[in-house]
Amino acid sequence: MPVGISALAHTVRAQSNGLPVLLKLGHAQQLVAAALGYKSLAAYQASTEESAFLDAAAHAVLDDELLLERAEQLGLTPLQPYLPHLLKSAFEQHLPGLAVHQSHDALEDAVRDIVDATVLNHGETISAMTVTNNDGIREVYLPVDFEMDALPSPDDFLEIPIEGHVTMKPDIERPYVGHRIDVQATLMLARVGRVCIAAPVVHVESAQLDYDW
């Protein structure tokens, strides 16, 4: 079944059992909307920044600040210490493939890790590394810069060109044939909602050993 705000709200309400205040379903919906970056459920429903469902979400930075602010407005202050964990748990229960990050910096680091891993495991990169007769990797330099606010609406995606390199530690006991692998790649990012993105896609265009040494 597709995952939307209603399913998440039901789970948040159920998990509030045993806490100082038992949530009403309407309040749970308001809190989920706040975690998704909206001041009210009505604002969420009117937004053009959201996909109909969250199933494609792979990474998220829930808006804990707005969540706690909304809880205070709804008279749910006793629940504030529990809410960030409660919302994170509900999202992860319904979307087991979703990685919930504590900050935008953590999300950007995760995307960079995906870029690095994709490049390092690409066939051209592996072949080039083998040619270098290396003693291990010295540096992976694949600069990626993006901000959530810069991502387009859910029906579009952002292409980020990447130009960088992977350098190896030369094995001094073998003939030197080069140590730097120049990389060109493209990172594709798609928004699922105000605080969620789909799984990043990385296309490696080339990974060639630099012989100009």
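The structure displayed is predicted, hence computed values, not measured ones.
- Side-chain N or O atoms of R191 include one that pairs as donor or acceptor with a backbone N or O of R194 at under 3.5 Å.
- Taken together through direct or relayed side-chain contacts under 4.5 Å among Ile, Leu, Val, Met, Phe, Trp and Tyr, L22 and L83 form parts of separate hydrophobic clusters.
- One finds the CD1 atom of I160 at 7.5 Å from the CG atom of D145 (value rounded to the nearest 0.5 Å).
- Across T132 and A128, no two heavy atoms sit closer than the pair CG2-O, 3.2 Å.
- In this structure, the side chains of V166 and D182 stay at 4.5 Å or more apart for every pair of heavy atoms.
- With rounding to the nearest 0.5 angstrom, the CD atom of Q30 is 12.0 Å from the CG atom of L67.
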- Message: Under the criterion side chain to side chain contact (heavy atoms under 4.5 Å, CB included), I'd like the reasoning laid out for V144 against I162: C-alpha separation, chi angles, the key distance, then a yes or no.
- Response: CA-CA 7 Å; V144 175; I162 301 171; 3.7 Å; yes
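- If you check the side chains of Q15 and Q93, you find a donor sitting under 3.5 Å from an acceptor.
- Side chains of H179 and N134 form no contact here, defined as non-hydrogen atoms less than 4.5 Å apart.
- The number of heavy-atom neighbours closer than 6.0 Å to CG of N17, taken from other residues, nucleotides and ligands shown, is 12 or below.
- Taken from NZ in K39 to CG in L66, the straight-line distance is 7.5 Å, to the nearest 0.5 Å.
- Under the 4.5 Å side-chain criterion, counting only non-hydrogen atoms from C-beta, R180 is in contact with T167.
- Residues L25 and V21 do not share a hydrophobic cluster, clusters being chains of Ile/Leu/Val/Met/Phe/Trp/Tyr side chains in contact below 4.5 Å.
- Side-chain contact between V140 and V119: absent, with no pair of heavy atoms (C-beta onward) separated by less than 4.5 Å.
- Hydrophobic cluster membership differs between V12 and F53, with clusters built from Ile, Leu, Val, Met, Phe, Trp and Tyr side chains linked at under 4.5 angstrom.
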- Test L79 against L23 for side chain to side chain contact (heavy atoms under 4.5 Å, CB included), laying out the working first. CA-CA 9 Å; L79 290 183; L23 279 174; 3.7 Å; yes
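- Scanning both residues, F91 and V32, for their nearest heavy atoms gives CZ-CG1, 4.2 Å.
- Checked by atom type, the side-chain pair T186/E205 shows a donor-acceptor distance below 3.5 Å.
- Summarising the local packing, CD of Q73 is surrounded by more than 12 heavy atoms from other residues, nucleotides or ligands at distances under 6.0 Å.
- Note: S127 OG to Q208 CD = 9.5 Å, rounded to the nearest 0.5 Å.
- Using a 4.5 Å heavy-atom threshold, the side chains of L8 and L54 count as touching.
- At a threshold of 4.5 Å between non-hydrogen side-chain atoms, the residues E108 and D105 count as touching.
- Across all their heavy atoms, L120 and M129 have their closest contact at O-CE, 3.8 Å.
- Side-chain contact annotation: H165 with E139, donor-acceptor N/O pair under 3.5 Å present.
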- How far apart are the C-alpha atoms of S206 and E124, what are their side-chain angles, what is the distance that settles it, and do they pass the side chain to side chain contact (heavy atoms under 4.5 Å, CB included) test? CA-CA 7 Å; S206 66; E124 285 190 16; 4.2 Å; yes
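- For F146, the CZ atom is densely surrounded, since the number of other residues' heavy atoms within 6.0 Å is greater than 12.
- Between L158 atom CG and E147 atom CD the span is 11.5 Å, to the nearest 0.5 Å.
- Remark: the backbone N or O of V202 is not paired with any side-chain donor or acceptor of T118 at under 3.5 angstrom.
- Tracing side-chain contacts under 4.5 Å through hydrophobic residues (I, L, V, M, F, W, Y), one reaches I126 starting from V131; they form part of the same cluster.
- F157 and V195 fall into different hydrophobic clusters, where Ile, Leu, Val, Met, Phe, Trp and Tyr side chains are chained together by heavy-atom contacts under 4.5 Å.
- The two residues V204 and A185 come nearest to each other via the heavy atoms CA-CB, 4.0 Å.
- The side-chain heavy atoms of P200 and M188, taken from C-beta on, include no pair separated by under 4.5 Å.
- In this structure, P143 and G164 approach most closely via the heavy-atom pair CD-CA, 4.3 Å.
- Checked by atom type and distance alone, the side chain of D55 pairs as donor or acceptor with a backbone atom of V3 at under 3.5 Å.
- Summarising the geometry of A9 relative to A28, their closest heavy-atom pair is O-CB, 3.4 Å, with the distance given to 0.1 Å.
- Between D210 and I181 there is no side-chain heavy-atom pair separated by less than 4.5 Å.
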- Task: Go through the steps to decide whether L86 and L19 satisfy the test side chain to side chain contact (heavy atoms under 4.5 Å, CB included), and finish with yes or no.
- Result: CA-CA 11 Å; L86 199 66; L19 294 181; 4.3 Å; yes
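- Each of E49, Q45, R70, E50 was compared with Y38 under the side chain to side chain donor-acceptor pair (under 3.5 Å) criterion, and only E50 meets it.
- Put simply, CD on Q29 and CD1 on I5 are 6.5 Å apart, with the number rounded to the nearest 0.5 Å.
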